[in-house]
Amino acid sequence: MKPGVILLLLACVLPGCVTTAPPLPTVEWDTLEDARQILIDRQNAIESVQAQLKLKITTPPPESETNTLDAALVMQGDDRFRLRAWKLNQTIFDLTATPDGTFIVANEEMKKRAPEAEHDLAELADQLNGLLRGPNFSDAQLFRIEPAERFPLDFRDYGLYAEWERSSARIDANTLAPYEFYLSSAQTNQAVVLNPEYSEYTNGIWYRTVTATGDFGTVEMTFRDVELNGELNPRAFRPPRRAVRVEVLAASSAAEQDSP
């Protein structure tokens, strides 16, 4: 998401909150395939997520402005996602992604000041859904991390390294919690680094915070009131009446470019 759009989305500056959580339990495993299966099973155990969160965005230097919004998130499976953000009870944006498409509601003042905001939000909806679900560990190459100066030692004391075509992850050996993701885009050649921290909830392990760093600056998501695999509101993924479908946005943009 572009820094200019971020600044237009967010208008209030609030102090960030620091939270602590008990350490995750140690996981017993012997082989790399054991570790892979635990990572896969942990992901598959999360069928749905409901949470409140705070979005904290810091733009790159030299401005380095920090802005925040309150937000609510609901996810189900791989293809249902909704993120609504607001300030002072006024909706700033509402993103809904379902098998029927991606739908967007954006604040009118924001659209006036940033004509491309809706398109950027559509991209954000697609990226966040995949990032929060996590990568597919079934097709990852797993390696052990071995500090050269202390080789050979039990690699469980240090960690694992997972690699895909254009991304990678470092994984804590004791808890099997990924603590750093490196993601690169084939289209833009831009890299994003994700640093998640986790908590153990009633029905599984999920994020406590996620920090993303890239050319856009830093985006930090701090979660609270997290409910895993709970009962969802039947209307959770029903877009508002005034929502606009992404395909309509794309067609409108193409028509504007073709006009004399």
Side-chain angles (χ1 to χ4, degrees), residues 18-49 51 53 73 75 77-79 81 126-216 218-223 226 228-229:
V18 179
T19 59
T20 58
L24 297 180
T26 299
V27 177
E28 296 295 331
W29 57 277
D30 294 318
T31 68
L32 291 178
E33 289 309 308
D34 291 340
R36 182 197 304 276
Q37 193 59 52
I38 291 171
L39 289 164
I40 293 172
D41 291 344
R42 183 182 287 168
Q43 284 184 318
N44 291 340
I46 307 301
E47 299 176 358
S48 67
V49 179
L53 64 147
L73 169 75
M75 299 171 58
D78 295 326
D79 56 6
F81 169 89
D126 180 63
Q127 292 178 350
L128 269 184
N129 190 26
L131 291 175
L132 293 177
R133 288 296 304 175
N136 183 0
F137 284 100
S138 64
D139 58 10
Q141 297 186 60
L142 289 182
F143 307 91
R144 55 191 178 189
I145 299 175
E146 299 171 333
E149 68 275 15
R150 301 184 65 181
F151 178 85
L153 289 176
D154 184 355
F155 62 88
R156 289 183 57 191
D157 290 338
Y158 300 101
L160 299 179
Y161 181 77
E163 188 174 62
W164 296 265
E165 183 178 357
R166 301 192 65 86
S167 59
S168 61
R170 293 181 180 271
I171 304 168
D172 180 79
N174 293 320
T175 63
L176 289 186
Y179 60 87
E180 181 181 87
F181 291 100
Y182 178 89
L183 313 168
S184 61
S185 168
Q187 289 75 30
T188 65
N189 284 327
Q190 294 180 345
V192 177
V193 178
L194 292 181
N195 295 108
E197 296 181 5
Y198 305 85
S199 286
E200 187 175 20
Y201 301 97
T202 301
N203 293 320
I205 292 171
W206 211 67
Y207 304 110
R208 180 168 59 90
T209 66
V210 178
T211 302
T213 306
D215 291 345
F216 49 80
T218 301
V219 177
E220 181 179 320
M221 294 175 282
T222 301
F223 297 90
V226 174
L228 305 178
N229 302 339

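These numbers were taken from a predicted model, which means no experiment stands behind them. Only heavy atoms go into these numbers, but all of them, side chains included; no hydrogens, no water, no symmetry mates.
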On a heavy-atom basis, the closest approach of Pro196 and Pro178 is CG-O, 3.3 Å
For Asp78, all residues meeting side-chain contact (heavy atoms from CB on, under 4.5 Å), sequence neighbours excluded | Arg133
Taking Gln43 for the side chain and Pro135 for the main chain, is one N or O donor matched with an acceptor at less than 3.5 Å?
-> yes
Closest heavy-atom pair, Ala162 versus Leu142, reported as atoms and distance to 0.1 Å, is CB-CD2, 3.6 Å
Answer whether the closest heavy-atom distance between the side chains of Leu131 and Phe181 falls below 4.5 Å.
-> no
Heavy-atom side-chain contact between Leu228 and Thr202 under 4.5 Å | no
Gap separating the CG atom of Asn195 from the CD atom of Glu197, nearest 0.5 angstrom | 8.5 Å
Here the gap from Gln141 atom CD to Arg36 atom CZ, rounded to the nearest 0.5 Å, amounts to 9.0 Å
Distance-minimising heavy-atom pair for Thr222 and Thr209 = OG1-CG2, 3.9 Å
What are the two closest non-hydrogen atoms of Leu160 and Ile145, and how far apart are they?
-> O-CD1, 3.3 Å
Step through the shown structure and confirm whether more than 12 heavy atoms of other residues, nucleotides or ligands are within 6.0 Å of CZ on Arg42.
-> yes
Leu176 CG to Asp41 CG distance, which is reported to the nearest 0.5 Å | 11.5 Å
So, does Asn229 use its side chain to make a donor-acceptor pair with the main chain of Ser48 at under 3.5 Å?
-> yes
Would you indicate whether the side-chain heavy atoms of Leu39 and Ile171 approach each other to under 4.5 Å?
-> yes
Met75 to Trp206 - nearest heavy-atom pair and separation = SD-CZ2, 4.2 Å
What is the distance from atom CD of Glu33 to atom CD1 of Ile38, rounded to the nearest 0.5 Å?
-> 11.5 Å
Does some side-chain heavy atom of Leu24 sit less than 4.5 Å from a side-chain heavy atom of Asp172?
-> no
Those residues that, when tested against Asp139, pass side-chain contact (heavy atoms from CB on, under 4.5 Å) (two or more places apart) | Asn136, Trp164
Taking only residues two or more places apart in sequence, or in another chain, which ones meet Asp79 in a side-chain contact (heavy atoms from CB on, under 4.5 Å)?
-> Pro99
In terms of heavy-atom contacts, Val192 and Ala212 come closest through CG1-CB, 4.2 Å
Under the side chain to side chain contact (heavy atoms under 4.5 Å, CB included) rule, what do Tyr198 and Thr175 come out as? Steps first, then yes or no, please.
-> CA-CA 10 Å; Tyr198 305 85; Thr175 63; over 6 Å; no
Heavy-atom side-chain proximity of Leu132 to Met221 below 4.5 angstrom | yes
Distance, nearest 0.5 Å, that separates OH of Tyr207 from CG of Leu73 | 11.0 Å
Hey, can you tell me if Phe143 and Tyr161 have their rings parallel, tilted or perpendicular (30° and 60° cut-offs)?
-> tilted
